[in-house]
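Written out below as structure tokens is the structure these notes cover.
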2 protein chains.
Amino acid sequence: MVSTKRLSSRNRPARESGSERRAELLAIAAELFATRGFLATTVRDIADAAGILSGSLYHHFDSKESMVDEILRAFLDDQRRTNEQVLREAPDPRTAITELVRQSFAAMQKHRAAIAIFQNESKYLEQLERFDYLTQAANDFERTWIRVLQDGQRAGVFRADLNVKLAYRFIRDMVWTTVHWYNPRGKLTSSAIADQYVKILCEGIAEPEKP
Amino acid sequence: MVSTKRLSSRNRPARESGSERRAELLAIAAELFATRGFLATTVRDIADAAGILSGSLYHHFDSKESMVDEILRAFLDDQRRTNEQVLREAPDPRTAITELVRQSFAAMQKHRAAIAIFQNESKYLEQLERFDYLTQAANDFERTWIRVLQDGQRAGVFRADLNVKLAYRFIRDMVWTTVHWYNPRGKLTSSAIADQYVKILCEGIAEPEKP
DNA sequence: GTCTATATGTAGATAGAC
DNA sequence: GTCTATCTACATATAGAC
């Protein structure tokens with residue numbers, strides 16, 4: 001049974017995805033990239049934090065860029081899938097917006113470091129060809145939110161005088177920048193923050209009920 | 001009249017503040033730091049953009065850090081002064097908040113690059129002792145806004161159920177992150193953005209008038 | 001999977017001529 | 001005020017032993 005053709009974690013080449021050690025190292029790198037910044041973090045910093053020497057990292061990864069690439073792709077794939085599900089299931093624009101916000105905050109539990117990196121380093125990484133998908137992902141998010149806002153305007157649940165592009169940026173910045181100060185072990189749960197934000201947001205942009 | 005003891009721009013030592021060339025070079029550096037990031041910008045990049053060689057920069061500045069230091073201090077001093085004036089002159093909390101927002105957006109005309117640098121690089125620069133004042137400045141801003149929000153709550157013009165610390169971060173992020181996409185030569189004036197934002201913000205957090 | 005040893009590039013910064 | 005020339009340090013990455 002050992003000589004099966006299926007690649008188990010025992011015989012899979014180390015430089016491909018799936019090994020537990022890789023995952024550990026990626027988590028360590030993600031944390032450092034998020035807190036110190038990608039450029040300010042050296043491969044020696046990562047190796048030190050992992051208790052190995054810098055050269056040993058190259059047994060697992062091609063380069064520092066490959067590491068951040070994997071971290072970001074994992075987050076963006078996950079986020080895109082979840083957004084699509086929200087849009088499929090939401091019965092109306094107001095629910096859709098609320099759920100998109102709540103779901104973005106929820107992502108902070110799982111992808112806190114990746115979100116911070118996406119926020120802080122996109123401007124730099126987008127200059128490199130291999131990270132073109134970051135620009136595409138940002139455009140995808142924008143299209144999704146703007147469509148929901150416009151649908152809501154047409155349906156009369158969002159103010160007609162709202163500049164949807166501006167409102168989108170407003171919501172996006174509000175949600176994502178939370179990662180800069182959010183503390184996963186603090187008093188405020190991501191759910192509580194989401195509730196407070198959605199409340200401020202909706203009572204600002206929702207058309208008041210006609211009496 | 002030439003042999004006066006007063007330092008004119010003719011005889012002032014080049015490495016002190018005031019010369020026009022310094023100001024030009026600082027503006028060029030600020031633009032690069034803002035768009036590419038502080039670490040990603042090399043002194044050679046700055047020199048290239050200025051049409052000189054990298055060594056020549058050191059006739060004007062001690063180091064790359066000194067350059068960003070000057071850029072940030074100029075912005076923060078200006079901003080602090082303006083905030084104090086707003087607070088002195090605003091007759092009530094709602095006006096104070098509105099004017100603080102409007103004034104922050106107005107700062108984007110004069111200090112766009114510095115604001116972006118302050119936003120993007122503070123986390124890294126704060127690790128260095130010489131930039132301790134960045135942490136202090138951020139705390140000062142926070143205290144100012146929170147005081148106004150609390151005053152407004154006590155006066156009954158802001159919702160009593162508002163989490164002021166959360167609302168502050170909400171406003172701060174909303175305002176400052178605009179610099180990431182604000183285009184000084186675009187259709188939207190900073191004043192128009194401010195109006196739209198203040199509207200969304202206030203109709204969200206202002207207590208509705210009792211009929 | 002990690003270590004030893006090292007190649008290679010490039011960054012920030014300096015000294016002195018013009 | 002800028003250039004020429006160069007120093008020094010450190011970053012990413014590699015090759016092969018264990």
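Reckoned from all heavy atoms, side chains included, excluding hydrogens, waters and symmetry mates.
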With a 4.0 Å limit, can you tell me whether B:R22 has a side-chain N or O closer than that to the phosphate oxygens OP1/OP2 of D:dG1?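 Checking B:R22 against D:dG1: no side-chain N or O falls below 4.0 Å of OP1 or OP2.
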Taking only the side-chain nitrogens and oxygens of A:H59, find out if one of them lies under 4.0 Å from OP1 or OP2 of C:dT2. no
Look only at the side chain of B:Q153 and the backbone of B:F158, and say whether a donor-acceptor pair between them is shorter than 3.5 Å. no
B:Q196 side chain to A:N163 main-chain N or O, any donor-acceptor pair under 3.5 Å?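 Indeed, once roles are kept as given, a pair shorter than 3.5 Å links the two residues.
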Between the protein and nucleotides 12-14 of chain D, list every N/O to N/O distance that falls short of 3.5 Å.
{"residue": "D:dT12", "atom": "OP1", "partner": "A:K64", "partner atom": "NZ", "Å": "3.0"}
{"residue": "D:dT12", "atom": "OP2", "partner": "A:V43", "partner atom": "N", "Å": "2.9"}
{"residue": "D:dA13", "atom": "OP2", "partner": "A:Y58", "partner atom": "OH", "Å": "3.0"}
{"residue": "D:dA13", "atom": "OP2", "partner": "A:K64", "partner atom": "N", "Å": "3.0"}

So how far is it from B:T41 OG1 to B:I117 CD1, rounded to the nearest 0.5 Å?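 B:T41 atom OG1 to B:I117 atom CD1 measures 8.5 Å (nearest 0.5 Å).
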Can you measure [X] atom [atom1] to [N] atom [atom2] for me and round it to whole angstrom units?
X	N	atom1	atom2	value
B:L57	D:dT4	CG	P	15 Å
B:H60	C:dT14	NE2	P	15 Å
B:L32	C:dG12	CG	C1'	16 Å
B:L53	D:dA5	CG	C1'	11 Å
B:F61	D:dT2	CZ	C1'	14 Å
A:D48	C:dT2	CG	P	14 Å

Taking only residues at least two apart or on different chains, which pairs with a member in residues 28-41 of chain A satisfy salt bridge (charged side-chain N to carboxylate O under 4.0 Å, His left out)?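 Output for this query lists A:E31-A:R112, A:R36-A:D45.
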Restricting to pairs with a member in residues 164-173 of chain A, which pass side-chain hydrogen bond (donor to acceptor under 3.5 Å, both in side chains), not counting sequence neighbours? A:D173-B:T177
Touch check for B:I52, heavy atoms < 4.0 angstrom, all strands: base, sugar-phosphate only, or nothing?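 Result for B:I52 = sugar-phosphate.
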Determine, using ring centers only, whether A:Y182 and A:F105 are less than 6.0 Å apart. no
